[in-house]
Amino acid sequence: MSERYNPREIEASWQAFWEQEGLFHAREDDSRPKYYVLEMFPYPSGRIHMGHVRNYTLGDVVARYKRALGFNVLHPMGWDAFGLPAENAARDQKTHPATWTYANIATMRAELKRMGLSLDWSREIATCHPGYYKHEQKLFLDFLKAGLVYRKESFVNWDPVDHTVLANEQVIEGRGWRSGALVERRKLSQWFLRITAFSDDLLAALNGLERWPERVRLMQENWINRSEGLRVTFDLDARDETIEIFTTRHDTLFGASFLALSPNHPFAEKLAAKDAALASFIAECNRLGTSEAAIEHAEKKGYDTELKVRHPLMPGRLLPLYVANFVLMDYGTGAIFGCPAHDQRDLDFARKYKLDVIPVVAPPGSDPSAVTIGDEAYVGEGVHINSGFIDGTSVADGKERVAAKLEGERRAKREVLFRLRDWGVSRQRYWGCPIPIVHCGACGIVPVAETDLPVILPEDVSFDRPGNPLDHHPRWKHVACPSCGKPATRETDTFDTFVDSSWYFARFCSPRADQPVVQSAVDYWLPVDQYIGGIEHAILHLLYSRFFTRAMRLTGHVKLDEPFDGLFTQGMVCHESYQSEDGKWLYPEDVTKRDDGSAVQTETGRPVKVGRREVMSKSKKNVVAPSVIIDGYGADTARLFMLSDSPPERDLDWSDAGVKGAWRYLGSLWRMVALPAVALPPPGTVIVDGLDPRLNEVRRLVHRTIVGVTGDLDRFHFNRAVARVRELTNGLLEMPIDAAGARSVLREGLEIVTRLIGPMTPHIAESLWRMLGHSESLALVPWPKADEALVAAESVTLAVQVNGKLRATIMLPKTHDKKDAEDAAIASAQVQRAIEGRPIKRVIIVPGKIVNVVV
RNA sequence: GCGGCCGUGGCGGAACUGGUAGACGCGCUAGCCUCAGGAGCUAGUGGGGGCAACCCCGUGGAGGUUCAAGUCCUCUCGGCCGCACCA
């Protein structure tokens, strides 16, 4: 070992050692409890970014910690390798998506290896590899047989200039990102997975996910959104037709002042065929694209069809029928009734089109005859007014009576509705898993035979033309029908990449098997004990994976419902952004900060506009490349910084100073062990009784730190774990080193520091362990246990307050009663002065904590 | 627009179930040392006042509950994440 801390040298050598020894290869072993740690696998975009470094550092700490606790740990890595960026690269750089993707994987694999992660690389998978997607196709066919797959028409964003389907992120303010053309909604026949078959279960089972963050469960609950309501039929006036609406506020029916159809409602489309103005209104709505955010955020607009509907409870009353841009076709029946007084959107709409606003719920305690609605709808509880036979009832009672009456008249039906929609998985793209289906003129839709899987993507494709390359490939799609043998065509859509990531955690259990999963392997390893990834996946990816696991259970692949027993969602990595005078984004490495806080371009010296801290993104160039940090400081410094500055669930501000702090700490730790001020006794030296009290305090600190760090790691409080280890290090630096027995206490302390930081900074810890005279790898050393006798303190400090303000602290033996505490508190001189002779009214005592004297 | 989360010194943050606010680190200040290094060591560091012991004010803002509030409640302001074809 060198005398200087040289991460470049030791990190490479320990990584080689771990790999040589195969220390992180996972094997099924019933003699030990298993622990499956998984971080969300990366999209191979080119280089790893700081978000990856953070994610994989967190996971690696857990993996190494659990190993030290005696668990048989599975910690695999792979690539979420299909996706749009590869096709964009193919267009822009003329490289084939596969070439681009595999090159990126090679680069990123090398970068990850330099982080010293305790991964089982023998299980590496890439979703774009036929060895993976073959099994995805098999799962799809199984789901099809089980009735979980169907086809239906649904909307896509259509770029009329590029003749291409656009992803939502490719639609910017209603226009295609490349062509700038106004986007249209266009209907296509697409494949859907019946996630709604599990709506109730996906919702109910959230309660059992005790090791998931509460907020993620809440978000999923709101996303699935079960609501009990009423489907009501309205008759059109002077036409023999009806409109069905869905509502959860049928108690407010008496306040209805209009009906509104979604622009994509079949009846709206039917009317538009004979109404050019309506057709153009619908076309305008369709230009909002398909994203719900865009639709709901847009100014509320409607088109008056001039048709009227009859109110089901007040036969004489006629309501106007509108087509409105804020009504979603995908939810309920695609039609609503508007009650402006008690729904904000309806109110905005009514004010704009000068419709009636009839209050029908009076807030509790208000004067029913004087209820008026201004700019805000009243959505709370209350008593019904202006509501015929339900006047005077509560919201719940009113609902019940209206439902009963309309059901009795067969004008309505109670219904439970979920906001959750079935999952459209068709993508009109090349770089995805082919959907194993053949379309035959005679037989219709025919699944590809399982013996013919995988349906492999053709390699000879060109991206010169817009649209899906699979569709205009000269030969690929032309095949014989698997059923009748006549000429037929392949499905040219590929899967949504969320399909790929919905079962990869199961594939890791048996990554080379020639079926999707091997029963014994998934039985042993699943569920994932700790899943770690970004909060941005809180809903879709996690919900789809939960669905997939259920679907795989139904089709006999696994025996469980919930794939992730524990979930941790990390925050993002942020950095300031920089712009030159002409508005161009600049990389942090090209900017120099001056002492006065201003910033200039390093090369030209021209001024730079410093933006706020925000999530690191390529588009704003506010990124710091992990490779630069690892080259300069080593992986352990990068890892330590990732863990020490912020709690992992919160966003992390990248700071060069913080990195330097981590680097300096590791340097001083190295010196403490490599260049000790005193010679240490050999390993295993027993610490004798009757130590100097100051040394006993040091030992107490050592053992309290074991307890503290253990608890911190269990609870993902990695930043506090780091703080505690540093406190211990400070304590060891200050200990009275000449006292009798001090050297064996120092040895104990240094060994504990080394073992506690092992999961966080594994390379330096291995080196320190070796320098401390041990020959086995630290990766094999069990987690330290604290000496409980030393952890328990003999005396405690109590805070003493007078009228809630801290005035003194007192030391008492650990075993004191309320009387002792009160006497000691009142006896204190500071307390006497604060009381100023006033009479004591009350004394509150929490033993071991606080005494509050109230005067 | 809807749903969810977060706001504590100059900065990142600590404070388990309401009980000593600011642990640990960064930065800064002063001093020391030196084979001048991406060093190291010592002391100080929330704001205001005082020679001092000590006092007053302080957890985005405004109210409230309580002996006691960063923590609980109501309102409000600011930021972030998701919204179904980015991954």
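None of these values were measured; they are calculated from a predicted model. Below, chain A is the first sequence line, B the second, and so on; all start at residue 1.
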S.K.: Ignoring hydrogens and angles, answer whether the base of B/C85 and the side-chain atoms of A/Arg429 contain a donor-acceptor pair closer than 3.5 Å.
M.R.: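 In this structure, the two groups form a donor-acceptor pair.
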S.K.: Measure all distances between protein nitrogen or oxygen atoms and nitrogen or oxygen atoms of nucleotides 64-74 of chain B, and list the pairs falling under 3.5 Å.
M.R.:
{"unit_1": "B/C67", "atom_1": "OP1", "unit_2": "A/Arg842", "atom_2": "NH1", "d": "3.4"}
{"unit_1": "B/C67", "atom_1": "O2'", "unit_2": "A/Asn852", "atom_2": "ND2", "d": "3.2"}
{"unit_1": "B/C67", "atom_1": "O2", "unit_2": "A/Asn852", "atom_2": "ND2", "d": "2.6"}

S.K.: Salt bridge check, A/Asp493 against A/Arg427: does any charged N sit closer than 4.0 Å to a carboxylate O?
M.R.: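 Salt bridge: no.
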S.K.: Is any side-chain N or O of A/Thr497 closer than 4.0 Å to OP1 or OP2 of B/A87?
M.R.: yes
S.K.: Identify the pairs formed between an N or O of the protein and an N or O of nucleotides 40-51 of chain B at a distance under 3.5 Å, and give each distance.
M.R.:
none

S.K.: Tell me whether the OP1 or OP2 atom of B/G4 has a side-chain N or O from A/Asn222 closer than 4.0 Å.
M.R.: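 Result: yes.
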S.K.: Is it the case that the ring center of A/Phe82 lies less than 6.0 angstrom away from the ring center of A/Tyr43?
M.R.: no
S.K.: Counting only Watson-Crick or G-U wobble pairs whose two distances fall under 3.5 Å, which nucleotide matches B/G63?
M.R.: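 Per the H-bond distance test, B/C73.
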S.K.: Determine if the base of B/G9 is syn or anti; take syn to mean the glycosidic torsion is within 90° of 0.
M.R.: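 This nucleotide is in syn.
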S.K.: Find the distance A/Lys849:NZ to B/U17:P and express it as a whole number of Å.
M.R.: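 Checked: the NZ to P distance equals 10 Å.
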S.K.: Paired with B/A30: which nucleotide, if any, by Watson-Crick or G-U wobble criteria at under 3.5 Å for both distances?
M.R.: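 Check on B/A30: paired to B/U42, both distances under 3.5 Å.
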S.K.: Tell me whether the side-chain N or O atoms of A/Gln190 pair up with the base of B/C85 as donor and acceptor below 3.5 Å, since no angle test is needed here.
M.R.: yes
S.K.: Under 4.0 Å, counting only non-hydrogen atoms across every strand here, what does A/Val725 touch: a base, just sugar-phosphate, or nothing?
M.R.: nothing
S.K.: Does any donor atom in the side chain of A/Gln170 or A/Arg178 lie under 3.5 Å from an acceptor atom in the other side chain?
M.R.: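 Distance-only check fails for A/Gln170 and A/Arg178.
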S.K.: What I want to check is whether the side chains of A/Ser501 and A/Asp80 have a donor and an acceptor closer together than 3.5 Å.
M.R.: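 There is no such pair (donor and acceptor under 3.5 Å, judged by atom type) between the side chains of A/Ser501 and A/Asp80.
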S.K.: Could you identify the nucleotide paired to B/A36, looking across every strand shown and requiring Watson-Crick or G-U wobble geometry with both distances under 3.5 Å?
M.R.: none
S.K.: Yes or no on side-chain contact (heavy atoms from CB on, under 4.5 Å) for A/Thr164 and A/Trp158, after CA distance, side-chain angles and deciding distance?
M.R.: CA-CA 6 Å; A/Thr164 302; A/Trp158 179 253; 5.6 Å; no
S.K.: Measure distances between side-chain N and O atoms of A/Gln170 and base N and O atoms of B/C85, and say whether any donor-acceptor pair falls under 3.5 Å.
M.R.: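 Counting by modelled atom types and ignoring angles, no donor-acceptor contact under 3.5 Å is found here.
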S.K.: Measuring to OP1 and OP2 of B/C55, would you say a side-chain N or O of A/Arg807 lies under 4.0 angstrom away?
M.R.: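 For B/C55, OP1 or OP2 has a side-chain N or O of A/Arg807 closer than 4.0 Å.
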S.K.: Paired with B/C16: which nucleotide, if any, by Watson-Crick or G-U wobble criteria at under 3.5 Å for both distances?
M.R.: none
S.K.: Using 4.0 Å as the upper bound for N to carboxylate O, is an ion pair formed by A/Glu214 and A/Arg217?
M.R.: yes
S.K.: Are A/Phe192 and A/Trp423, when compared by the centres of their aromatic rings, separated by less than 6.0 Å?
M.R.: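 No, too far apart.
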S.K.: Inspect the contact between A/Glu299 and A/Lys352 and indicate whether a charged nitrogen and a carboxylate oxygen are less than 4.0 angstrom apart.
M.R.: yes
S.K.: Need one value for A/Lys841: base, sugar-phosphate or nothing, where a base atom within 4.0 Å counts as base even if backbone is also close, heavy atoms only.
M.R.: nothing
S.K.: Can you tell me the Watson-Crick or wobble partner of B/G78, both distances under 3.5 angstrom?
M.R.: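 B/G78 is paired with B/C6.
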S.K.: In Watson-Crick or G-U wobble terms, both distances under 3.5 Å, what is the partner of B/A68?
M.R.: none
S.K.: Between B/U34 and B/G49, how far apart are the C1' atoms? Round to whole Å, please.
M.R.: 42 Å
S.K.: Does the ring centre of A/Phe568 sit less than 6.0 Å away from the ring centre of A/Tyr531?
M.R.: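 No.
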S.K.: Pick the nucleotide of RNA chain B nearest each of A/Gln344 and A/Val156; which residue has the one closer to the 5' end?
M.R.: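 Looking at the nearest nucleotide for each, A/Gln344 comes out on the 5' side.
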S.K.: Determine whether the aromatic ring centres of A/Phe547 and A/Trp503 lie less than 6.0 Å apart.
M.R.: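 No: the rings miss the under 6.0 Å criterion.
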S.K.: When you check the phosphate oxygens OP1 and OP2 of B/C85, does a side-chain N or O of A/Arg427 lie under 4.0 Å from one of them?
M.R.: yes
S.K.: Do A/Arg419 and A/Trp223 form a cation-pi contact, if we require the NZ or CZ to be under 6.0 Å from the six-membered ring centre and within 45 degrees of the ring's axis?
M.R.: yes
S.K.: Would you measure the distance from the C1' atom in B/C26 across to the matching atom in B/G44 and give it in whole Å?
M.R.: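 Those two atoms are separated by 16 Å.
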S.K.: Kindly say if A/Asn730 contacts the phosphate of B/G25, meaning a side-chain N or O under 4.0 Å from OP1 or OP2.
M.R.: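 Yes, within the criterion.
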S.K.: Using Watson-Crick or G-U wobble geometry with both distances under 3.5 Å, which nucleotide pairs with B/C86?
M.R.: none
S.K.: So what's B/G58 paired with, Watson-Crick or G-U wobble, going by both distances under 3.5 Å?
M.R.: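 The answer is none; no pair meets the criterion.
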